[in-house]
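Only one structure is covered here, and it is reproduced in the block below.
Because the structure is predicted, anything quoted here is derived from the model rather than measured. Computed over heavy atoms, backbone and side chain alike; hydrogens, waters and symmetry mates excluded. Each ligand, and each atom within it, is numbered from 1 in the order the structure gives.
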Amino acid sequence: MKDQTLLKAARAARTRAYAPYSGFLVGAALLTEDNRIVTGGNIENASYGLTVCAERVAIWNAVHAGHRKFTKIAVATDSVPPASPCGACRQVLWELGGNIEVIMGNLSGEQIKMPLIELLAKPFGEACWEANPVDDQLLAGEETWRLPFTANPIGYVISDYPEPQKIPDHYRELLSKIIVDPEFEEGLYRLDEEKEIIVISHLHKAKGYTLKEQRSGRGHEVYGVFACRAPLRPNALAQSIAKLVAIEKNVLTVRGLDLINGTPVIDLKTVIPLNQD
Ligand code: THU
């Protein structure tokens with residue numbers, strides 16, 4: 001994965017920082033060995049010393065999500081020159097990540113990159129995580145299926161609908177675009193052979209859910225959430241089918257998508273019709 005892509009994720013993560021005391025927002029994006037991004041932002045506290053930096057939020061987040069091997073971390077700030085990780089973060093990154101690349105960037109495009117060992121010349125301790133791979137710690141019979149997982153969106157939707165209520169009844173006839181992150185463009189190879197595609201997306205504006213209620217799209221009758229397409233569901237995921245109109249590089253033009261402007265796209269798949277019998 002390109003440094004730029006990781007830095008963009010760090011800049012996005014910075015928007016979720018909680019820094020009301022310093023006003024200094026930091027975002028961090030960690031790349032796992034299997035090319036997944038896990039992010040963090042600094043989280044401050046009224047008892048100032050309890051503040052945790054973005055880098056530690058990111059790596060703790062990643063380790064808890066089951067990742068144990070990392071290749072690089074990007075740190076985004078709005079400072080000149082770009083800020084580098086504090087001593088405590090260097091130590092934590094070293095223990096959990098080893099000698100990863102550290103990319104430091106700011107909002108005006110300045111970028112510095114160096115291996116962690118250059119920032120932490122004489123680290124304390126030894127990497128201990130290799131001796132404790134996460135799988136060995138999983139006990140048979142534990143309900144590991146309950147563990148949440150993270151998704152890395154591959155792109156986003158551009159549509160004329162700013163909110164769900166603005167999606168017109170005749171949306172099936174209307175055009176939208178799907179912008180795929182150039183990082184994933186190669187994955188679109190031969191998608192142009194399809195007439196229709198399945199779009200899996202994150203309904204990022206949906207908050208909370210109900211399991212059973214009157215559903216407006218179903219004649220105001222009561223249906224369970226799994227018996228309808230309501231956006232307020234335990235996982236705010238949507239599956240839409242759209243007609244493929246054109247593909248130009250990383251930009252797809254589609255017809256009939258029912259997603260609001262800015263919806264993160266999680267995946268694209270082909271449609272396999274069920275055998276009619
Ligand atoms: N901070 C980080 O998140 N990462 C660093 O590498 C340096 C400092 C945060 C901590 C605090 O919320 C704010 O920046 C000011 O120190």
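- Looking only at protein heavy atoms, the nearest one to atom 3 (O) of ligand 1 is Ala54 N, 2.9 Å.
- Within a 4.0 Å radius of atom 16 (O) of ligand 1, the protein has no heavy atom.
- The pair Arg218-Glu221 fails the salt-bridge criterion, with no side-chain N (NZ, NE, NH1 or NH2) lying under 4.0 Å from an Asp/Glu carboxylate O.
- Follow the hydrophobic side-chain contacts under 4.5 Å out from Leu7 and you never reach Ile73; the two are in separate clusters.
- In this structure, the protein non-hydrogen atom closest to atom 4 (N) of ligand 1 is Glu55 OE1, 2.9 Å.
- Contact of the Leu175 side chain with the Val254 side chain is not registered, since no non-hydrogen atoms from C-beta on lie closer than 4.5 Å.
- Only the backbone of Ser84 comes within 4.0 Å of ligand 1, judged by heavy-atom distances.
- Counting only N and O atoms by type, the side chains of Glu101 and Thr71 include no donor and acceptor under 3.5 Å apart.
- The shortest contact between atom 9 (C) of ligand 1 and any protein heavy atom is with Asn42 ND2, 3.4 Å.
- Summarising the local packing, CZ of Arg16 is surrounded by 12 or fewer heavy atoms from other residues, nucleotides or ligands at distances under 6.0 Å.
- Under a 4.0 Å criterion applied to the non-hydrogen atoms of Cys86, ligand 1 contributes the atoms 6 (O).
- Close to ligand 1: Pro85, with a non-hydrogen atom less than 4.0 angstrom away.
- Looking from atom 7 (C) of ligand 1 to the surrounding protein, the closest heavy atom is Cys53 SG, 4.2 Å.
- Taking a cutoff of 4.0 Å between a charged side-chain nitrogen and a carboxylate oxygen, Arg190 and Asp192 do not qualify as a salt bridge.
- Contact annotation for Ser22 and ligand 1: only side-chain heavy atoms (C-beta onward) come within less than 4.0 Å of the ligand.
- Those atoms of ligand 1 that come under 4.0 Å of a heavy atom in Thr51, given as number and element, are 10 (C), 11 (C), 12 (O).
- Checking side-chain atoms of Gln91 against main-chain N and O of Phe124 turns up a donor-acceptor pair under 3.5 Å.
- Salt-bridge annotation for Asp34 and Lys69: absent, with no side-chain N of the basic residue lying under 4.0 Å from a carboxylate O of the acidic one.
- Near Glu44, meaning under 4.0 Å from one of its heavy atoms, ligand 1 places the atoms 11 (C), 12 (O), 13 (C).
- The N/O atoms of Ala19, backbone and side chain alike, include none that comes under 3.5 Å of an N/O atom in ligand 1.
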